[in-house]
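One structure is given here, and the rest of the page talks about it.
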Amino acid sequence: ESLHSSIGLLGIPAGSLLLAAHFYSLPRAAPLIPSTALGVLLLMLSSLLAYSGIRRSLRNASLFFSLCLTISVFWCGYGVVFILGGQGVLNDAGDFRNALVPGLVTFTLALLIIAVVGFLCREVILATIASAVSLASAHEVAMRYSSAFGSSAVACNYMIVCLVGGYFALGRILYFLTKEKIALPGTDLAKKKTHRQIRSTTGSMNHFAATGLILNMLSASVFGCRLLGVTGKLFVGQVPWLWAAGIYQIGICILSYRAMDVLMATFFGFTSILKFAGGYCLLYPVWQPEYNVKASAKIPTGKGAVKALLARSSFLKLREGADLHAPYLGYSKYADAEVLGYACSVLASFAVTMTGDPQAPLATVVIPWVVVAGGILKLLGGSVAFARGKTLESSAFILYAVMWIIWGLTRYGGLYGTTRSFHAAVGIIAFMLFNGFVVFCTLFLNIAWFFYSLTFLLIAVSFLLDAVHTLPAGYDIAATLIFGLVSFYCFLSALFNSVFEGSCLPMGRPIVQLSGVGGGMTKCLHLPARKASSVKRIADILKNGGTCGIPTDTVYVLVAACNRPDAVEKAHRSKRQAQDRPMSLWISSLKQLEPAKHLFTPLLWDFMEAAWPSPISLVVPRGEWVDFLGMKDSAKYVGTPQSIAIRIPDCSVTTHLIDLVGPIVVTSANPTGEADTTHHNQVYAKLGDKVDAVLCDGPSPENIASTVVDCTKINSGNVGFFRVGIIPKSEVNLIL
C-alpha cells in the first residue's frame, strides 16, 4: 500500500540532492556533475516520479499525485535543457537563461499553490517539499538575472527537501523495524486511508485535471515571458518545456478517460496538440530561419456559469448519474474517446487544404496537424474505442490514423517523386480496399458513420491522384472540406450526446437492417459481476419477470426465475429453443430440495451430493419434487415430459444470485445451433435486444459447456451421457 508513496517521497529528495550538489559547485570552474549527466539523471528521476504518482493516484491521493507529476514534468523539461546546454546547443549564458526562466517561473507558482493546499490539508511533508522546491526555483530565477544572488541559496532550499526526505525515510524504517509500533508524525501513510476511501466513493472526481491545467501555465509562460520582455527570444531551448507538457497532457488525457471524464480528456488531448505544434514552430527555424510565429489570445471562462444556465433550460439537459459513461458492450475502464477521434479528423482534413508548392513538403502543417493530430491522437481514440467494445469504430479510427501518419510522413519527406509514385499508389489502393469494407460495414451501423467512412474514401482518392500526378485542380480541397464538415458534424453529435440527455444531434439509424444483425444495438442494462450491488439488481430484475445473461463456471447462460412463467416463456422464445435442447433447472444448494428428499432414491441423492457443485448437469426423472420448487406453469418449458436436467453451478456469483431469487431456469445464451457464448460482448451481439440485463464478467473461465449425465436409470448402477463437456466420462464414473 505504501510502496509507491515511499518511492515518490524519496525520489524527490534524491533529485534535490543532485541539484544541491550542482548549485553548491556552480561557482567552481568545472561543475561537480556535468550538465549532460545531470540532465539524464533528472530524466530518470522524473519517469520514476510519474510512475509512483500515477500508481498512487489510483488510490485517490490527489495531492500526492499533483506534487509528483508536477515535479516530474519540471525535471523532465529541466533535464533536457541541461542536456542541450551540455551538448553545446545553448551557446552562452543568455541562451541558458532564456531557456530555463519560463519553466522556473511556471513551477515556482505551481508548486507554491500545491504547498498552500498541502498546508491547508495538513499534509506537512508534501507542503514542505513543494514550498522548498518553489523557493529554489524562485531563487534560481533571481540568480539568472542578478549576480548578487548566489547559487548557494538555491542549494540551501534543495537541502531542505533532502532533510525532509531523510526524516521521512527514518520514519518508514522505524515503522517497519518496530512492526508498526513507532510512527513519526507525517510518516504513517495508512492513517487516513479509510477516510479518503469513504470520500472517494461519494462522487466521481477527476484527480488528474489539476495537474493538466498546471501544464497549460507552462506554454503560457513560454510565450508570455517573451511578450513581457522577460526572455529575449523564442528559440529551440524552450521546446523541452512545451513538449514535456504535451507528452504529460496526453498521459493525463488517457488517465481522464480512466476517470470517466470525457470532457477533460478531450480538452487535454486538444491542448497537447497545441503544445506539440508550439514546440514544433520553435524548432522549425533551426532549418528554416525565415519562419515567423503569430501569437493568439485565450479567453477565460467562469466555472459553473454554463452549467447553471443549462440547469434552467428545458431543451438541453445535462447527462448525470452512474450510467453517464456506460460502455457500448459490457464494462470498460475507459470513457468514450470518439469525440477526440472526430475532432482530430477535422483538424487533419482542414490542415491539408492549405496549398503550397507541389514540390516542397508542407513541413509546418503536416507534422503537427496531420501526423500528430490526425494520426497519433486518433490512434489513441481507436484504442479506447476498442477497449469499450466498439470493434468497427476502433478499426476505422486505427486504419485512418495509420493512413494519416504514412501519408503525412511521405508528404513531409518529399517522397512523391516520379520513381516512387507507383509504390505510393499501390499502398493507397490497398488502403482503399480496406476502407471499402469499412464503408460496407457502416451500412449496418448508422448514417453518420456511413458518410464519415465514405467521404474519407474521397480523401484517399485525392491522395491517389496526387501520387500519380493527375490531381484535378481544386479536387483535393473539395474532398477535404467535405470530409472535414462530415467529421465536424460527428464531433458535435458525439460531444452533445455525451454531455446532454437525449439525441440533440442524432447519428442516425442503420441504412440496412437485417434480421440477426446488430443485436447489441438496443442497449440493455449491463452490470459488472464483481459488485454485490449488481448481483442484487439482477436478482430484482429476475423477480420482476425479466430475463438476464449471467456468467457461470463454464459459459454464459440465459436465465429466468422458475416461479415466473411469463419470464420462462420469454426466455424460451428469445432463444428460439429447439425441442431437442430443453431448458434446465439450477439450484444453489441441495437444501432447496431437502423437503422432497424422500422422492429421490438414496443412490441418486448421494450421487447429487458427491457430484455438486460442479459443471455436471444431472438428468433426473420428473416427479412430484418439481412442485416443491414453486415452478407452477413454468414446468412445461423445462426439461421433457419424462425428465429434467438439474445442476448446482460451481460459481459463487451464480449461486449467490440463486440464493436471492430462488431456483432458476437456464439455457445457453445463444440461438439454438450456434456456438456457446464465452464473453458478455457475445451475449449483447446475439441476444442484446431480447434480454433485460447482462451481468458482465469478461471472458468465461472455460470455453466448453457442462457435462450432461443421464441419471434416469442410476439404480441399475449405470449412467449415460447426453453430452460430454468439460468433465470427462472417467471422472463422472469415478464419482459414481
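Hydrogens, waters and symmetry mates are skipped; everything else that's a heavy atom, side chains included, is used. Note that the coordinates shown come from a computational prediction; the quantities given were computed from them, not determined experimentally.
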[X] and [Y]: which non-hydrogen atoms are nearest, and at how many Å?
X	Y	value
Ala132	Val161	CB-CG2, 3.4 Å
Ala20	Met159	CB-SD, 3.8 Å
Gly118	Ala127	C-CB, 3.7 Å
Cys344	Leu377	SG-CB, 3.4 Å
Phe119	Thr128	CZ-N, 4.3 Å
Lys275	Leu215	CE-O, 3.6 Å

Using only atom types and a distance under 3.5 Å, with no angle test, would you say the side chain of [X] pairs donor to acceptor with the backbone of [Y]?
X	Y	value
His22	Leu18	no
Ser146	Ala142	no
Thr271	Phe268	yes
Ser35	Gly86	no
Ser221	Leu218	no
Ser256	Ile252	yes
Ser394	Ala385	no
Ser151	Phe23	yes
Asp261	Tyr257	no

Do [X] and [Y] have side-chain heavy atoms sitting under 4.5 Å apart?
X	Y	answer
Ile125	Tyr167	yes
Leu492	Tyr342	no
Thr106	Pro102	no
Cys253	Leu380	yes
His207	Leu255	no
Leu67	Leu111	yes
Phe64	Leu126	yes
Val116	Leu120	yes

- [ ] Start with the C-alpha gap between Cys156 and Ile160, add the side-chain angles, then the distance that decides, and say whether side-chain contact (heavy atoms from CB on, under 4.5 Å) holds.
- [x] CA-CA 6 Å; Cys156 285; Ile160 293 174; 5.9 Å; no
Sorted by chain and number, sequence neighbours left out, side chain to side chain contact (heavy atoms under 4.5 Å, CB included) with Leu10 holds for Phe168, Ala169
Tell me, with the steps shown, if Ser131 and Leu112 meet side-chain contact (heavy atoms from CB on, under 4.5 Å).
-> CA-CA 6 Å; Ser131 58; Leu112 181 62; 5.7 Å; no
* Asked: Do Ser52 and Leu48 pass the side-chain contact (heavy atoms from CB on, under 4.5 Å) test, and can you show the C-alpha distance, the side-chain angles, and the key distance before you say yes or no?
  -> CA-CA 6 Å; Ser52 61; Leu48 187 67; 5.6 Å; no
### Validation row, ring centre Tyr24 to ring centre Tyr158 under 6.0 Å
no
Would you find more than 12 non-hydrogen atoms of other residues, nucleotides or ligands less than 6.0 Å from Phe96 atom CZ?
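Yes, CZ of Phe96 has more than 12 neighbouring heavy atoms, counting only those of other groups under 6.0 Å.
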Is it true that, when you exclude Met217 itself, more than 12 heavy atoms of the residues, nucleotides or ligands shown sit nearer than 6.0 Å to its CE?
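Count over threshold, so yes.
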To the nearest 0.5 Å, tell me how far [X] [atom1] sits from [Y] [atom2].
X	Y	atom1	atom2	result
Leu527	Lys536	CG	NZ	12.0 Å
Asp697	Ser534	CG	OG	10.5 Å
Leu17	Leu41	CG	CG	11.0 Å
Lys531	Cys696	NZ	SG	12.0 Å
Leu26	Leu32	CG	CG	11.0 Å
Leu263	Phe267	CG	CZ	9.5 Å

inquiry  = Taking the six-membered ring of Tyr145 as reference, does the cationic atom of Arg97 (NZ for Lys, CZ for Arg) lie under 6.0 Å from its centre and within 45° of its axis?
reply    = yes
* Asked: Is it true that the side chains of Tyr248 and Ser72 contain a donor and an acceptor less than 3.5 Å apart?
  ->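 The answer is yes; a qualifying pair exists.
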Which atom pairs, donor and acceptor, lie under 3.5 Å between side-chain atoms of residues 235-244 and protein residues at least two apart or in another chain?
from, atom 1, to, atom 2, distance (Å)
Gln238, OE1, Phe235, N, 3.3
Gln238, NE2, Asn98, O, 3.0
Gln238, NE2, Lys233, O, 3.0
Trp241, NE1, Ala99, O, 2.6
Trp243, NE1, Phe276, O, 3.1

For Ser272, the side chain to side chain donor-acceptor pair (under 3.5 Å) test, sequence neighbours excluded, returns none
Give me the ring orientation class for Phe74 and Tyr78: parallel if the planes are under 30° apart, tilted from 30 to 60°, perpendicular past 60°. parallel
Using the side-chain contact (heavy atoms from CB on, under 4.5 Å) rule, take Phe82 and Thr36 through it: C-alpha gap first, then chi angles, then the decisive distance, then the call. CA-CA 6 Å; Phe82 272 113; Thr36 303; over 6 Å; no
Only one of Leu135, Val133, Leu19 passes side-chain contact (heavy atoms from CB on, under 4.5 Å) with Asn157, and that residue is Leu135
